[in-house]
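Worksheet: one structure, shown below.
Here the structure is a predicted model, which is why all the values come from computation and not from measurement. Note on naming: letters A, B, ... go to the chains in the order of the sequence lines (proteins, then strands), and numbering restarts at 1 for each one.
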Number of protein chains: 2
Amino acid sequence: MRKKKSSKDLIDLLTADISAGVFSPGSWLKQIDLQRRYEASRSETRKALETLCNKRIVRYEPNRGYYVHHADDVSTDEVRDIRIMLETSAAEFMVKQVTDEQIEDLYQLAQRFMDQIREHKITEIYETNIAFHTALLATCGNASLMELVSDLRLRIPPAPASQWSSYARIEQSGKEHFAMVDALAEKDADRLKAIIRAHIDQASTEN
Amino acid sequence: MRKKKSSKDLIDLLTADISAGVFSPGSWLKQIDLQRRYEASRSETRKALETLCNKRIVRYEPNRGYYVHHADDVSTDEVRDIRIMLETSAAEFMVKQVTDEQIEDLYQLAQRFMDQIREHKITEIYETNIAFHTALLATCGNASLMELVSDLRLRIPPAPASQWSSYARIEQSGKEHFAMVDALAEKDADRLKAIIRAHIDQASTEN
DNA sequence: GTGTTCAATATTGGTGCCAATTTCGCAATA
DNA sequence: TATTGCGAAATTGGCACCAATATTGAACAC
C-alpha cells in the first residue's frame, strides 16, 4: 500500500485515461477538472500536464490551456517509421543477447495472446500485446530504448482494443508473434527484422 | 524583436547554459537563483525545469529539487546506440529523397566546418557541426525524427568544444562529413550507413 | 576528540487570491 | 435572418504567503 500518491502516479493515470479514450482527442484538459478528478494539487496537475505535453500526448496554447493532441496522418507515419527504424535495428542486438529463458517467456506471452483472442478477452489482449513487445525489446538490454519506444507508442492515435480492425487481423498479429519468437530462437536477425517491420507497418494501430 | 520572452526561450537558455557548463553535472538548480538569473516567473521556471527533466537533462528529487543530470557510462552507451540505430536507418530515406540543392548545402556546411577548424574558431565549429547533422537528417523529411535526435544529442555528456579530444580527431570528423556527402550524392546507402556509424561511434562526444 | 541531538536555516511544495486573456451569450442593428 | 458589438463568465498565469521537508551548524554528552 502506498501512503501517498506520487506525481508519477498522476501522470500514469492521466496517460491511461487519455489512452482509454476517457478524454478524446481535441478536448480541453481543464486544470480544475483534473485536480478534482485525481484529487491532486494544482502544481501537481500543472506538472503532469507539462510532462504529457513533452511526451506529445497533449498540446498547449498559452492562456488557453492543454488539450488532448490529435495526431495527424503525417506525424503518425513519421512516428511509425521511427518505431520501425528502432525495433528492426534492435533485432541485431536481440539475436546476439537473448537468453533461452527470455525466449521461453516470449513464447508464453505469444501463447497467452492467442488464448485471449479465443476467449475474446478484449482488454487483456491489449495488455498482453504490450507485454510481449516490451519483453521482446527487453532482450536487447537497452533500458533507454525500451523507455523511448514506450513513449513513441503513446504518440500513435489511441488504439483501444475495442475497435481493432478485425478478428482476422488480430489473429494474424498473434501468428506474427510466434514467428518473431522463432526467428529469435534461430538467431535469424534478417527474418526477425522483416517480421517486425511488417508487424508494425500493417498493424500500426494494434501493437 | 520580441516584446516578451516566451517559455521556450527560457528552456533554450537553460539548456544552452547547462550544455556550456555554466551549471555543472550534479549541481542543484535552485528555483530562486534561476528565476533571478533569467528574470522569469516562478511558474515559468518550474515549467522549464519539468521540461528539462523530461528531456533527461536534469533530474528531480521530491522536496529537494532539480539538479543537472550526470549521465553514467551505461546510459551514454545506450543513447549512442539509439542514435546509431536511428541515423543509420535514416540513411535509407536520405538517399531516396535527397535533392541536389540539399547536397550542395551539405557540402557548403562540410566546407565551413573545415575552414573553421583551420581558423581555430572553436565555438563556431561546434555550431556548424550541429548544423551539418541537422541538415543531413532533414534530407529524410521526417520532422519527428529530427526533433528526437536533437533531444538525444543533449542526453550525451556535455561536449564543450573547448575540450575536444584532439586536432587530428576533429579534422577526421571533418573528412567524414565530406565522405557522407559523397555517399549521399552517389545514393550509396550502405556506405553512408557505415560512415555514419563510425562517425557517431568514434566521435560520440563531438557530434 | 568524536559522535549525537536539536534547533535554526534554506528550499521546495501547496493554497488562495487577483490580474490578464479568452470565450460565450445576448442584445442591438442592418 | 445574419452579423456585429459588448459585457459577463470561465480559465489560465502570476504572486505572495504558509506549510512541509531537508540541510546545516552548534551545543552537548561521552
Side-chain angles (χ1 to χ4, degrees), chain A residues 1-18 21-72, chain B residues 1-18 21-72:
Chain A
M1 58 182 174
R2 70 177 68 83
K3 57 177 178 178
K4 199 175 181 182
K5 50 200 177 306
S6 79
S7 60
K8 191 178 179 307
D9 290 329
L10 173 58
I11 294 169
D12 289 343
L13 280 173
L14 230 185
T15 305
D17 281 345
I18 291 174
V22 175
F23 302 103
S24 46
S27 63
W28 292 97
L29 298 171
K30 285 177 259 188
Q31 297 180 2
I32 293 180
D33 291 348
L34 297 182
Q35 75 183 56
R36 281 184 188 150
R37 180 182 177 94
Y38 302 106
E39 291 177 343
S41 69
R42 186 74 164 237
S43 18
E44 273 179 331
T45 307
R46 285 185 190 176
K47 191 188 280 191
L49 284 170
E50 186 58 27
T51 297
L52 264 60
C53 195
N54 291 137
K55 286 185 189 291
R56 313 294 153 134
I57 296 172
V58 307
R59 291 185 77 83
Y60 166 76
E61 287 183 19
N63 288 318
R64 302 216 30 212
Y66 298 84
Y67 62 94
V68 181
H69 178 49
H70 195 345
D72 56 306
Chain B
M1 57 183 173
R2 67 178 68 83
K3 56 176 178 179
K4 200 176 180 181
K5 51 199 175 305
S6 79
S7 60
K8 190 176 179 308
D9 290 330
L10 173 57
I11 294 169
D12 288 343
L13 280 173
L14 231 185
T15 305
D17 280 346
I18 291 174
V22 175
F23 303 103
S24 46
S27 62
W28 292 97
L29 298 170
K30 285 177 262 189
Q31 296 179 3
I32 292 181
D33 291 349
L34 297 183
Q35 78 183 55
R36 280 184 190 152
R37 180 183 175 92
Y38 302 106
E39 290 176 344
S41 70
R42 184 73 165 247
S43 20
E44 275 178 331
T45 306
R46 286 185 189 175
K47 191 186 281 191
L49 284 169
E50 186 57 27
T51 297
L52 263 59
C53 194
N54 292 137
K55 287 185 188 289
R56 312 295 155 129
I57 296 172
V58 307
R59 290 184 78 82
Y60 166 76
E61 286 182 21
N63 289 317
R64 302 212 33 209
Y66 299 83
Y67 61 94
V68 180
H69 179 49
H70 195 344
D72 56 307

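Residue R64(B) has a polar side-chain atom (N or O) positioned under 4.0 Å from OP1 or OP2 of dT23(D). Under 4.0 angstrom from either OP1 or OP2 of dG13(D) there lies at least one side-chain N or O belonging to Y60(A). The side chain of S43(B) places no N or O atom within less than 4.0 Å of a non-bridging phosphate oxygen (OP1 or OP2) of dG13(D). Between Q35(A) and the phosphate of dT15(C), there is no side-chain N or O to OP1/OP2 separation shorter than 4.0 Å.
Checking R42(A) against N63(A), the closest nucleotide of DNA chain C that is more toward the 5' end is the one next to R42(A).
In this structure, NZ on K55(B) lies 12.0 Å from CD1 on I18(B), to the nearest 0.5 angstrom. The CZ atom of R36(A) sits 11.0 Å away from atom CG of L34(A), with the distance rounded to the nearest 0.5 Å.
Look at CH2 on W28(A): it is 12 Å from P on dT11(D), rounded to the nearest Å. To the nearest angstrom, P of dT9(C) lies 16 Å from NZ of K30(B). The nearest whole Å value for the distance from the OH atom in Y67(A) to the C1' atom in dT11(D) is 16 Å.
When side chains are defined from C-beta on, D17(B) counts as touching Y38(B), because their heavy atoms get closer than 4.5 Å.
Of the candidate nucleotides dG14(D), dG13(C), dT11(D), dG14(D) has the atom lying nearest to any side-chain atom of R46(A). For S41(A), whose side chain is taken as the heavy atoms from C-beta onward, the closest listed nucleotide among dT15(C), dC15(D), dT12(D) is dT15(C).
The closest side-chain donor-acceptor pair between E50(A) and T51(B) falls under 3.5 angstrom.
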